[in-house]
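Keep in mind that the numbers below use all heavy atoms, side chains included, and drop hydrogens, waters and symmetry copies.
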Amino acid sequence: MFAFQSPQTVQQPPPLFSKHLECAATRSSCRPRPCSFCTLNPAISTSTTTADKNHVIQRLCQKGELKRALRVLSQEPNPTQRTYELLILSCAHQGALAEGLDVHCHLSENGSDQDPFLATKLINMYSELDAIENARKVFDETRNRTIYVWNALFRALTLAGHGNEVIDLYRRMKRVGIPSDRFTYTFVLKACVASEGVLSFSQKGREIHAHILRLGYEGHVHIMTTLVDMYARFGCVKCAGIVFGEMSQKNVVSWSAMIACYAKNGMPFEALELFREMMLKTHDLLPNSVTMVSVLQACGALAALEQGRLIHGYVLRRGLDSILPVISSLVTMYARCGKLDRAQQVFDKMDERDVVSWNSLISSYGIHGFGEVAIQNFNEMIISGISPSPISFVSVLGACSHAGLVEDGKMMFDSMVREHRIFPSVEHYACMVDLLGRANRLDEAATIIEEMRIEPGPKVWGSLLGSCRIHCNVELAERASARLFELEPTNAGNYVLLADIYAEAKMWHEVRRVKKLLEARRLQKVPGRSWIEVKRKIYTFASVDELNPQIEQLHALLLKLSMELKEEGYVPQTGIVHYDLDSEEKERILLGHSEKLAVTFGLINSTKGETIRITKNLRLCEDCHSLTKFISKYTKREILVRDVNRFHYFKDGVCSCRDYW
DNA sequence: ATAGGGTTAG
């Protein structure tokens, strides 16, 4: 059979006998009405030769007729390597595990299972079919393990989330003295990300990085880009930046990886800046849809509506507006910039939708406080034939939580397992704790945690602590924070929350104790920041901001506003100030909050009638919330504030959150 | 001899 195969005929099976020769000669006419040989019928007689049967199987595989191919296989005593390969690929492609096992069996009986080429293909097949055990078995049973076989198993294990195993295997491979190749590293680096344990980053990642440099791969674009991505996923923006900066060759993927690194690690300014640099510095590289997704994400994070609109324009000009991930990120961008109606419009214009597009829409309504609409969209998604993903539930449960729809949320949570066979993750439990906790059903929230079937992570305890803050439950807060201090000792936010709760309860001694703990561990509270986009420029504010040239003017106006509004009924919420000071001092501290400065800046610098849009990196404090309501009423301005969790839309002295947040 | 790799939305 191989004798017939010359390089040119690899793609087209070789003409083997006259009947097929006819077919090959008249291929054009053969297409619409295939000849009887090509369709080859179940009636393949026993008299057909081995070569013929191989050919038939190959044709059937290429046409996706797996079942018939297998039927012929069962009559075929001696399939070629190529035939097996096509069968394996076909099984993988069609998600046919049972058939794949049949092929594997056949191949073992034939003694072909020691062929490292086929072993590689089998491992890939099992990987695609989510049968990692079988992939491992193929590896174990293959005696002649070429680097292809090793790499295939690395890839399979990484995709299945067994990162640690890959690292161990890789080390074993090195010990045994098998040389790795450039492909090995892209898989092993990804495995570092998928591996568990605190030490994964410092030990494994750096270890592999060192090997890569020692082997002289520092000029290899694929490997270096993966390295950038690895550091990005570890949250080490600095390391990613260094690798990126030292790359001798960069392509669109490398740039996109670095932009995504900034966007995903809370540095949206830097993401936009790098995108600008890419556009200016590289003339042969065009950003692609993947790049734009990260850029849009950054716009959304900054609530930079004007920037976002510009990018949207660019997306349209480049014709990237029909790509699903791009549209979904446009929906999210508009919603996060406060333009819920625009988000809905973009969504409406899609001709094709997937779960992610729906999830974008659902969470958009969620952060704007429209819980019912979110649920409605969730149901519409199901009616349209798309099954919810775990993220769909995160989105809809979050929406219920923001809107105080406790019963709906509980029903949703129950339906997860019952109707959709989706088992709740830590994320979902955190949503439920939040939902119940906000609604002042703290006992129920605590019960949920007790009854969890998986280990409650910091997200879950954090939700509980946040709810304790809202409802001033010192006792439960102490329990939650004790767990949190164990689980994430370096997260300053948890200490601050606990101190807030003690302060509200006027337990000054305890406040000082927590603050000392913070100092002893050399942790710093994340400073509150707010920002506002005015005429496509973004201005940021911090409570100790002396850089803004208008700062004096802002302070003066704020003081005047607060005095006037006190006469209208504004009462400064001094209870949230951590220090045991007199009330005048406390008021002064409150007036320094960054969102008040941003609102005032907006009042001065935007045109009347324009909505003022503010973004804040933390949760909105009660005092700012209260004062902003008054400001919206007495200055007749609409003010939109997005905090970490959701939107607050202030109009005529009321907020869209109905004081529930 | 052949084969395979990096960035993506919620």
Would you say CZ of A/Arg276 has more than 12 non-hydrogen atoms from neighbouring residues, nucleotides or ligands within 6.0 angstrom? no
Got more than 12 heavy atoms from elsewhere within 6.0 Å of CZ, A/Phe378? yes
Exercise answer: donor-acceptor pairs, residues 254-261 of chain A side-chain atoms, under 3.5 Å, sequence neighbours excluded:
unit_1: A/Ser254; atom_1: OG; unit_2: A/Thr225; atom_2: OG1; d: 3.2
unit_1: A/Ser254; atom_1: OG; unit_2: A/Asn251; atom_2: N; d: 3.0
unit_1: A/Ser254; atom_1: OG; unit_2: A/Asn251; atom_2: O; d: 3.4
unit_1: A/Ser254; atom_1: OG; unit_2: A/Asn251; atom_2: OD1; d: 2.9
unit_1: A/Ser256; atom_1: OG; unit_2: A/Val252; atom_2: O; d: 2.7
unit_1: A/Ser256; atom_1: OG; unit_2: A/Thr291; atom_2: OG1; d: 2.9

Parallel, tilted or perpendicular: ring planes of A/His428 versus A/Phe393, cut at 30 and 60 degrees: perpendicular
Nearest-angstrom distance from the residue atom OH of A/Tyr126 to P of B/dG4: 19 Å
How would nucleotides 5-10 of chain B be written as a contact map, 5' to 3', with B for base contact, S for sugar-phosphate-only contact and - for no contact, using protein heavy atoms under 4.0 Å? BBBBBB
Between CZ of A/Arg145 and C1' of B/dA3 the distance, given in whole Å, is 19 Å
For A/Phe117 and B/dA3, say yes or no: do the ring centres fall under 5.5 Å of each other while the ring planes differ by less than 30°? no
Under a plain distance cut-off of 3.5 Å, with no hydrogens placed, do A/Gln345 and A/Asp341 share a side-chain donor-acceptor pair? no
Can you confirm whether the side chains of A/Tyr185 and A/Ser180 place a donor and an acceptor under 3.5 Å from each other? yes
In whole angstrom, give the distance that lies between atom CG of A/Leu122 and atom P of B/dT2. 21 Å
Got a salt bridge between A/Glu306 and A/Arg309, using NZ or NE/NH1/NH2 to carboxylate O under 4.0 Å? yes
In terms of relative ring orientation, are A/His209 and A/Tyr231 parallel, tilted or perpendicular, with 30° and 60° separating the classes? tilted
Please work out if A/Asp181 contacts a base, only the sugar-phosphate, or nothing of the nucleic acid, heavy-atom cut-off 4.0 Å. base
For DNA chain B, determine which residues of residues 267-282 of chain A have any heavy atom closer than 4.0 angstrom to one of its atoms, and list them numerically. none
